[in-house]
Asker: 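The structure follows.
Numbers restart at 1 for each chain; the letters A, B, ... are given by sequence-line order, proteins then strands.
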Amino acid sequence: MRPGPGGCCCRRTVRANGCVANGEVRNGYVRTSAAAAAAASQIHHVTQNGGLYKRPFNEAFEETPMLVAVLTYVGYGVLTLFGYLRDFLRHWRIEKCHHATEREEQKKKKKKKKKKETKKKKKKKREMDFVSLYQDFENFYTRNLYMRIRDNWNRPICSVPGARVDIMERQSYDYNWSFKYTGNIIKGVINMGSYNYLGFARNTGSCQEAAAKILEEYGVGVCSTRQEIGNLDKHEELEELVARFLGVEAAMAYGMGFATNSMNIPALVGKGCLILSDELNHASLVLGARLSGATIRIFKHNNMQSLEKLLKDAIVYGQPRTRRPWKKILILVEGIYSMEGSIVRLPEVIALKKKYKAYLYLDEAHSIGALGPTGRGVVDYFGLDPEDVDVMMGTFTKSFGASGGYIGGKKELIDYLRTHSHSAVYATSLSPPVVEQIITSMKCIMGQDGTSLGKECVQQLAENTRYFRRRLKEMGFIIYGNEDSPVVPLMLYMPAKIGAFGREMLKRNIGVVVVGFPATPIIESRARFCLSAAHTKEILDTALKEIDEVGDLLQLKYSRHRLVPLLDRPFDETTYEETED
Amino acid sequence: MATATEQWVLVEMVQALYEAPAYHLILEGILILWIIRLLFSKTYKLQERSDLTVKEKEELIEEWQPEPLVPPVPKDHPALNYNIVSGPPSHKIVVNGKECINFASFNFLGLLDNPRVKAAALASLKKYGVGTCGPRGFYGTFDVHLDLEDRLAKFMKTEEAIIYSYGFATIASAIPAYSKRGDIVFVDRAACFAIQKGLQASRSDIKLFKHNDMADLERLLKEQEIEDQKNPRKARVTRRFIVVEGLYMNTGTICPLPELVKLKYKYKARIFLEESLSFGVLGEHGRGVTEHYGINQLSLRKYSQAPESRERNVWTLFGSRFKQMLLKENLIDDIDLISANMENALASIGGFCCGRSFVIDHQRLSGQGYCFSASLPPLLAAAAIEALNIMEENPGIFAVLKEKCRQIHKALQGISGLKVVGESLSPAFHLQLEESTGSREQDVRLLQEIVDQCMNRSIALTQARYLEKEEKCLPPPRVGSFQSALPTSLCFKRRWLGASRVETIWSPFPLSRTSTGKKRTTPPFYCL
């Protein structure tokens, strides 16, 4: 985990580089919506609440160029047309189906099923047949769009998901319907995809040793739930540590990050309560909200006016129809949004929450460990008081290199969850070696292991983030999100470029994550880089060089803003540069 | 002639207009304007009535007081203070500082502290570290995951398996991946909580049938059929599912699978089977309830009662020889989806679904708990693989387990005041009070007393916990209330008889002797 000479080097170069005179990049794009007018209002908004922020809050969402948007839609149109054409050909057996493979076989089977159905329908009436398991449109997208670029996902790896990773080579002889493993291993691929923010995904070092010891002592499973007889001393130790780490009264740990959200939100709110949820919240939050039975209203992504309006209306008008007042209002936000790379405007959210007496549920899945001068997440980043957040939720999967999730908060909250959380009652508790990994890595971040390793990692990550983001912007890519967010989305827009980018990068020995619809809006396909403290300067530079090359090859440098390094001007929050060519 | 008259009338009118006095004309003009106004104006003003002033709004906001985020928990809540287990929760377990024999965890095969499993996990830990740092789609797929999926599919003799990183999330994600709004799910009343959550997430229409009551299920299916005939267009797109458990977590009973399969073909509903408790327990090789019911019984029924099955077998001719073999001899293929967790018999963490690729593969994009969650830590997957190896190498353990279950079930019979709920071959069963005291709270307290008494005698049991308010369809008040989990596996449900009897119930019961004795006879697998 030690950053190594490369890491130090990185720090030096960043300083040497003109753009970052005082360690701060002073470029700020405003989220530019359609016109300059919108931008102006945004500036106005930021200045209004400027007092709440202790540090500059620079977030950029450059507008999609009109031509690119049109071409993207045309691209999807062509794909859809060809999809229908090929479906037609498949239906009449003109296009050869890939019978040899399992996946094709299902398709065939499905066809058979369909055919059988139609045959039956002709015989009719006497007996109904099984209703087709999938709606046809559901699979149209998978069959005709996803299948073309399927090789960019689920790439199996066979090493630690650290800064470099070994990927198993696979090949498809039937247009991605099935994959054959060639047996070769692509060694040392630069890993820009794993959420290994602090670099704790390692197979050596103190964490691994501690986990191995506990594994030998306890075994891997627990075979019971927390409330029954699966509450090990290790779990208690972990929860006590998590509470200390977060600076809250108490905490509780769960076996799966996704389930932490989906199984605990229903314990907190129910019928007659209102959930205000950010439009880009993770699926687990959405599922939890849905399972709770509360009314859900969505506010625009990170848009405080939208949130305030909803809050105001909710209190003034009460529940629909009956007009009874809401029992309670819960605001669901994430620390870092994993697809946008944006950081929640927490100071404003807290101000609103206090003003309107709502409760705040903060999901720190990506931000815990990855943000803030001491790695305590987004609360630490803004220098706020953890007391102000009612429910602090996060996962151990990412920064801690383990698995599971936690909820922290007031003692009463945790007591209630201990008795009422679905997870505590019905689900198996965390595996002991995993718990140990969390404990050791967390202690390392807190500096309780007697070294400054943890602190260095946090710093390294922050520097890597700024460096990497700045370089990409300089190259002319459209990069979304906050300048301090280690999640870096690079916009690709066109569907064909999703596949092309992923493949070209792998060819150059770099593993990246590419995402398209439905994870993003249909025209905003993107590549996503996740930075890690384990990335050294060399690794980042190699990656940047290759990205630059591929960017030219695929013409990805859409940005019309040119970055102006602001060397000699003091930072002023109202100064937002926007230079259009 | 007529036109002349009309003309004359018009002329007369104009003339009258000229002759009319001015005040008359003015009055009429005003009247016309009034009518026009009436026609175009609104009768009342909506906005005036509902608009609140800014000040009023502020007052409302000022006045609103929310409920506390969570209600206070009474200090004596039975579930507030957990038992603290120090050390591994294997056969011997140290609960709150006292060493007991463990009758409370689901470690049916004793694989939790098996040295081979530990060694395999350790090797994996040394190679991959602990976490995966990503979901399956984004560099979170390890070769170990692929191996495990492969092994599970082979073990269950199905085409494909898919693993989840959390047992609870398995069925809870699988159901909503297929069943959508408007679809109909027939589900047993006693279905476990994970199924209930899955159903809730799917937003389908849910029809509950009485626990293990096939007549009741058929009644519902028939009702649905009649409904479908009324509206065939809708029926053509309404999927029907039957969701059952192999061995019910809440009752310890087995589902009548052959009858279910029969109904499946008769009414064209797909079966999802939750086997968390029966996987690694029932059947000759531990394949669960499908193997338990065996082949012969099934194929007889299949051929006699389901005309489609012949057609189905025709399809298999197209498949590989392997598959053909499978289909012919395996009940598993009649089940559309089997899900189980690896947290009980396999003593690891996580869960899996298996079935035909056609069905299972869909979850790789639609199973929420699969797509959006970090993948299973490789060391846990490696442990599960090794556990599978052990199961395959020692098919005898299942017979041993069954025999032990039978013995303990027998030994527990006839305790006055308590009754054993569940099949004798189930490794998890519930003791339930024969008569309830009438109040659930008191029952719980009484059972807790029993559990505590056992603990004093170095036997670790636990009450099976439920979220009373959340459990929607079950358990029916008759069956009861709380459970207490017993040996390696047993949960009890009970109702109460009389507090004074507690002592007498437990003192003559030679539970600890039975179990230790058994342990000696079969050293590696001390499950009971």
Asker: For A:Glu228 and B:Phe106, which heavy atoms make the closest approach, and how far apart are they?
Answerer: OE1-CE1, 4.2 Å

Asker: Do the side chain of B:Lys57 and the main chain of A:Ile315 share a donor and acceptor less than 3.5 angstrom apart?
Answerer: no

Asker: Any side-chain heavy atom of B:Cys192 sitting closer than 4.5 Å to one from A:Tyr426?
Answerer: no

Asker: Any sub-3.5 Å donor-acceptor pair from B:Gln200's side-chain atoms to A:Leu291's backbone N or O?
Answerer: yes

Asker: Using side-chain heavy atoms (C-beta onward) and a distance below 4.5 Å, is B:Leu80 in contact with A:Asp415?
Answerer: yes

Asker: Side chain, backbone, both or neither: which part of A:Val515 has a heavy atom under 4.5 Å from chain B?
Answerer: side chain

Asker: Looking only at heavy atoms and a cut-off of under 4.5 Å, which of B:Ala374, B:Pro89, B:Gly167 has the most pairs with chain A?
Answerer: B:Pro89

Asker: In terms of heavy-atom proximity below 4.5 Å to chain A, should B:Ala269 be classed as side chain, backbone, both, or neither?
Answerer: backbone

Asker: Chain B heavy atoms under 4.5 Å from A:Tyr356: which part of the residue, side chain, backbone, both or neither?
Answerer: both

Asker: Is B:Glu59 in contact with chain A via its backbone, its side chain, both, or neither, using a 4.5 Å heavy-atom distance?
Answerer: neither

Asker: Using heavy-atom distances under 4.5 Å, tell me whether A:Ser429 contacts chain B through its side chain, its backbone, both, or neither.
Answerer: backbone

Asker: Let me confirm one number: the OG-CD distance from A:Ser284 to B:Gln368, rounded to the nearest 0.5 Å.
Answerer: 8.5 Å

Asker: Testing A:Leu413, A:Ile414, A:Asp390 one by one against B:Val70 for a side-chain contact (heavy atoms from CB on, under 4.5 Å), which residue passes?
Answerer: A:Leu413

Asker: Quick one: pull up NZ in A:Lys328 and CD in B:Gln65 and give me the separation to the nearest 0.5 Å.
Answerer: 14.0 Å

Asker: Do side-chain atoms of A:Asn231 reach the backbone of B:Asn83 as a donor and acceptor pair under 3.5 angstrom?
Answerer: yes

Asker: Taking side chain as everything from C-beta outward and backbone as N, CA, C, O, which of these in A:Leu311 sits under 4.5 Å from a heavy atom of chain B? Side chain, backbone, both or neither.
Answerer: neither

Asker: Report yes or no: does A:Asn203 contribute a side-chain atom to a donor-acceptor pair with the main-chain N or O of B:Tyr128 at less than 3.5 Å?
Answerer: no

Asker: So for A:Ser421, is it side chain, backbone, both, or neither that comes closer than 4.5 Å to the heavy atoms of chain B?
Answerer: backbone

Asker: Test your reading of the model: is there a side-chain donor-acceptor pair from B:Tyr82 to the backbone of A:Glu236, 3.5 Å cut-off?
Answerer: no

Asker: Which atom pair, heavy atoms only, marks the closest approach of B:Ser105 to A:Cys223?
Answerer: CB-O, 3.2 Å

Asker: Quick one: does any side-chain atom of A:Lys312 pair with a main-chain N or O of B:Glu58 as donor and acceptor, under 3.5 Å?
Answerer: no

Asker: Sort A:Val512 into side chain, backbone, both or neither according to what part of it lies under 4.5 angstrom from a heavy atom of chain B.
Answerer: backbone

Asker: Roughly how far apart are B:Ser173 OG and A:Leu287 CG, rounded to 0.5 Å?
Answerer: 7.5 Å

Asker: Whether the A:Ser423 and B:Tyr166 side chains hold a donor-acceptor pair (N or O, under 3.5 Å, no angle test) is what I'd like checked.
Answerer: yes

Asker: Taking A:Met263, A:Glu436, A:Glu412 one by one, which has the highest count of heavy-atom pairs under 4.5 Å against chain B?
Answerer: A:Met263

Asker: Side chain, backbone, both or neither: which part of A:Met168 has a heavy atom under 4.5 Å from chain B?
Answerer: side chain

Asker: Report which part of A:Tyr146 has an atom under 4.5 Å of a heavy atom belonging to chain B: side chain, backbone, both, or neither.
Answerer: side chain

Asker: B:Ile84 versus chain A, heavy atoms under 4.5 Å apart: side chain, backbone, both or neither?
Answerer: both

Asker: Drop me the distance from B:Leu69's CG to A:Ile329's CD1, to the nearest 0.5 angstrom.
Answerer: 12.5 Å

Asker: Please classify the contact of A:Pro156 with chain B as side chain, backbone, both or neither, using a heavy-atom distance under 4.5 Å.
Answerer: both

Asker: Is the backbone of A:Trp326 close enough, under 3.5 Å, to the side chain of B:Trp64 for a donor and an acceptor to pair up by distance?
Answerer: yes

Asker: A:Tyr197 versus chain B, heavy atoms under 4.5 Å apart: side chain, backbone, both or neither?
Answerer: neither

Asker: B:Phe138 versus A:Arg528: any side-chain heavy-atom pair under 4.5 Å?
Answerer: yes

Asker: Just say parallel, tilted or perpendicular for the rings of B:Phe372 and A:His282, cut-offs at 30° and 60°.
Answerer: perpendicular

